[in-house]
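Numbered from 1 within each chain, the chains take letters A, B, ... in sequence-line order. Because the structure is predicted, anything quoted here is derived from the model rather than measured.
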Amino acid sequence: MPLKLYNTLTRSLEEFRPLHPDRVGMYGCGPTVYQLPHVGNYRSIVFFDLVQRYLRWKGFQPKLVVNITDVDDRTINGAAAAGVALGQVTEPLADGFFQDLGTLGVRGADVFPRATLHIPRMVELIRQLIERGHAYVTDQGDVYFDIGSWPAYGKLSRVDLSTVREGAGLELRDRATDEPGKRDPRDFALWKGAKDADRQVGAVWPAPWGEGRPGWHIECSAMSMAELGDTLDIHMGGEDLIFPHHEDEIAQSEAATGQPFARYWLHVKYLVVNGEKMSKSLGNVYRLGDIIERGFTPAGIRYLLLAAHYRKELNFTFDGLRDAQAAVRRLLDFQQRLAGTPVAPDATVSALPDIAARALVAFETALDDDLNTSAALAAIFGFVRESNAELDRARTVTEPDLRQARAALDRMDEVFGVLALANAAPGVDEQFARWVEQRLTDRQAARLHRDFAAADAIRAELTAAGVVIEDTARGTRWKKA
RNA sequence: GGGCACGUGGCGAAGUGGCUAACGCAGACGCCUGCAAAGCGUCCAUUCGGCGGUUCGAAUCCGCCCGUGCCCUCCA
């Protein structure tokens, strides 16, 4: 079954065919490390992870590159304000980012290039653009891309820059005076001549036309092409990056290499909080640490971020997070049930293999349709419900049947990674577990004597300790609430 | 001001011309259970922001209105 993706470039659903038969070059615009990322950022990152996982699931060999922008206006300003070197601001933030990725079960891109380590490649690209007449150097030592020299400009965003006016126009004029030597207000910076603040924080690199530092857009072009070649298969990012960032990437890359830059452009819609945009003034910018501190689980957060289709706005709320965790709980309960179901060689053949097979087809069909994660989750829950019903009916099943059910669940979680993440959560400590087991033994003894008052007292005690118990035909199970 | 999206039950969220509008959470009732929990079953939108229009038929297409989000030069 072919995978179809919505390509922003053509504004249509297209069958995905990689340039090279199996290998897939993917690039996702990663964080600028000037502050800790927030849930909005993670929606994008988790989406990159999803795409990579699914491509692998489908048998492709994806190579995912996610950049770390560690030099730009904001990082430099941050370092200058603190009076420290650039790296002293960016490195701790990058570390924090990687730590969060682990928390969210993001497998990790294959490469996380840092902009500051790819400056020579950027200089080389700019040199080519100047040579080919697509860029020019100003008296201030800045280098701009000459949009007039590139008629194809605007093919991704379809923005007609000549119609821009009013508020936007005013800003444009202000910027033009801010950037002397710029021939056309639409031209964008490839290189910025060194300024005092840059020197102060050590953000200065040599170039044939004078020292300075790269512009933002060129960073992504250089890093993606360095890792994936002149033409990559999939380029991803937040919807806000379509213009001008990705537009500029296309222009400068294609003008420099003469090759198509990226074949499929995927853009993730924004996440809103309580239906409102996330902003500092509203005080609703949540970082991962904030959410975990409120007692929410990484698996719940990951589930919530993946539960909505990536091209639809996602409403992030704490109520929604609670619901997501309940959904994860249901999946975990089912997984545990599968793990604990007794097998019997003489059990009659069950419907489990058939249920599993149908679920996998529905699952793949959903994801093939432009990564419809909501529909894929529906397939998983359908599998859970039908399997539960079958297990209620059968009581015992054959080992092969059970194995197929477990395999199907694992296979589907390879894409979502939610169960794996939930199971990776730090377990309860040994001593606590021993105490719980002891109390359960006591309760069981009371139950055998039909002393239900005593049994219920122990259960109440456990409930107060945050333990939920389940009596099954094979004994009592317990779990943390 | 211009451009692009979106608005589905209490909440979240699929579905984009035609079976009884997925799925999850919450809620109600029932089965199971000593009682619970878990699970299962049934129920929970005659209706898809509002008003018109096209069509044999629309949540799905068109128009207007209301609301929200993104972009209009360094914001995922």
Side-chain angles (χ1 to χ4, degrees), chain A residues 11 28-32 37-45 47-48 69 72-74 157-161 163-169 171-172 175-176 179 185-189 215-217 219 236-245 247-248 267-272 275-279 303-304 307-309 311-317 319-331 333-334 336-337 362 366 372-382 384-385 387-393 447 450-452 455-456 459-460 463 468-473 476-479:
Chain A
R11 306 287 155 101
C29 283
T32 297
H38 49 69
V39 275
N41 295 293
Y42 289 123
R43 183 182 196 192
S44 291
I45 303 289
F47 174 69
F48 301 163
T69 294
D72 80 322
D73 286 353
R74 289 167 302 166
S157 63
R158 306 188 180 183
V159 167
D160 179 0
L161 289 177
T163 64
V164 172
R165 55 180 175 189
E166 278 304 307
E171 258 178 57
L172 232 150
R175 281 193 178 274
E179 302 172 313
R186 301 174 306 168
D187 292 348
F188 58 90
W216 179 40
H217 313 302
E219 296 182 2
M236 304 172 287
E239 61 166 329
D240 58 316
L241 297 181
I242 296 172
F243 184 87
H245 185 56
E247 198 69 79
D248 292 350
H267 289 97
V268 185
K269 199 87 171 163
Y270 256 56
L271 167 155
V272 296
E276 296 177 302
K277 69 182 298 183
M278 194 163 38
S279 74
Y303 179 97
L304 182 62
H309 184 73
R311 282 195 293 118
K312 284 276 184 79
E313 195 171 274
L314 167 67
N315 190 14
F316 180 92
T317 65
D319 282 345
L321 199 44
R322 235 180 305 280
D323 292 350
Q325 292 188 168
V328 172
R329 186 77 250 172
R330 178 168 163 80
L331 296 176
D333 281 340
F334 174 64
Q336 283 176 15
R337 181 174 190 182
N372 190 336
T373 47
S374 307
L377 283 172
I380 295 178
F381 282 107
V384 171
R385 185 175 7 84
S387 298
N388 268 322
E390 181 67 9
L391 290 171
D392 279 354
R393 207 175 306 132
R447 292 178 75 207
R450 302 195 70 77
D451 182 358
F452 296 120
D456 290 350
R459 180 166 63 198
T463 301
V468 176
I469 63 182
E470 290 176 21
D471 294 324
T472 74
T476 300
R477 292 197 322 227
W478 65 279
K479 64 191 181 189

So does [X] get a side-chain nitrogen or oxygen closer than 4.0 Å to the phosphate oxygens (OP1/OP2) of [N]?
| X | N | result |
| --- | --- | --- |
| A/R393 | B/rG39 | no |
| A/N388 | B/rA38 | no |
| A/R385 | B/rC23 | yes |
| A/K277 | B/rC70 | yes |
| A/R43 | B/rC70 | no |
| A/R186 | B/rC72 | no |

Margin query: Looking at A/D319 and B/rG12, is any side-chain donor or acceptor paired with a base atom of the opposite kind under 3.5 Å?
Written below: no
Notebook entry, point to check: Under 3.5 Å, is there an N or O donor on one side and an acceptor on the other linking the side chain of A/R459 and the base of B/rC35?
Noted result: yes
Note to self: Stacking between A/Y270 and B/rA76, defined as ring centres under 5.5 angstrom apart with planes under 30°, is that present or not?
What the structure shows: yes
Expressed in angstrom and rounded to an integer, what is the separation of [X] atom [atom1] from [N] atom [atom2]?
| X | N | atom1 | atom2 | result |
| --- | --- | --- | --- | --- |
| A/E313 | B/rU8 | CD | C1' | 15 Å |
| A/N372 | B/rU16 | CG | P | 9 Å |
| A/R450 | B/rU33 | CZ | C1' | 12 Å |
| A/F316 | B/rA13 | CZ | P | 12 Å |
| A/E276 | B/rG67 | CD | C1' | 13 Å |

Just to be sure I understand the rule, does [X] reach a base, reach only the sugar-phosphate, or reach nothing, if contact means heavy atoms closer than 4.0 Å?
| X | value |
| --- | --- |
| A/L241 | sugar-phosphate |
| A/I380 | nothing |
| A/H309 | sugar-phosphate |
| A/D471 | base |
| A/R447 | base |

Check: Is A/D456 salt-bridged to A/R459, cutoff N-O under 4.0 Å?
Finding: yes
Choosing from [options], which nucleotide comes nearest the side chain of [X]?
| X | options | result |
| --- | --- | --- |
| A/E470 | B/rA38, B/rC75, B/rC40 | B/rA38 |
| A/A375 | B/rA14, B/rG69, B/rC75 | B/rA14 |
| A/R337 | B/rU68, B/rG39, B/rA13 | B/rG39 |
| A/E239 | B/rG34, B/rC70, B/rA38 | B/rC70 |

Next item on the list: Please answer whether the main-chain N or O of A/Y270 pairs with a side-chain N or O of A/E239 as donor and acceptor at a distance below 3.5 Å.
Entry: yes
Next item on the list: Using the C1' atom as the reference point in each nucleotide, state the distance between B/rA76 and B/rG39 in Å, no decimals.
Entry: 40 Å
Item checked: Nearest-Å distance once atom P is located in both B/rC23 and B/rC40 -> 12 Å
Margin query: Is the ring pair A/Y303/A/F381 parallel, tilted or perpendicular, if the boundaries are 30 and 60 degrees?
Written below: perpendicular
Item checked: Whichever of A/D323 and A/T472 has its nearest RNA chain B nucleotide further upstream toward 5' -> A/D323
Notebook entry, point to check: Can you tell me the Watson-Crick or wobble partner of B/rA5, both distances under 3.5 angstrom?
Noted result: B/rU68
Taking the side chain as everything from C-beta on, heavy atoms only, tell me whether [X] gets closer than 4.5 Å to [Y].
| X | Y | result |
| --- | --- | --- |
| A/L241 | A/C29 | yes |
| A/R337 | A/T472 | no |
| A/R477 | A/E470 | yes |

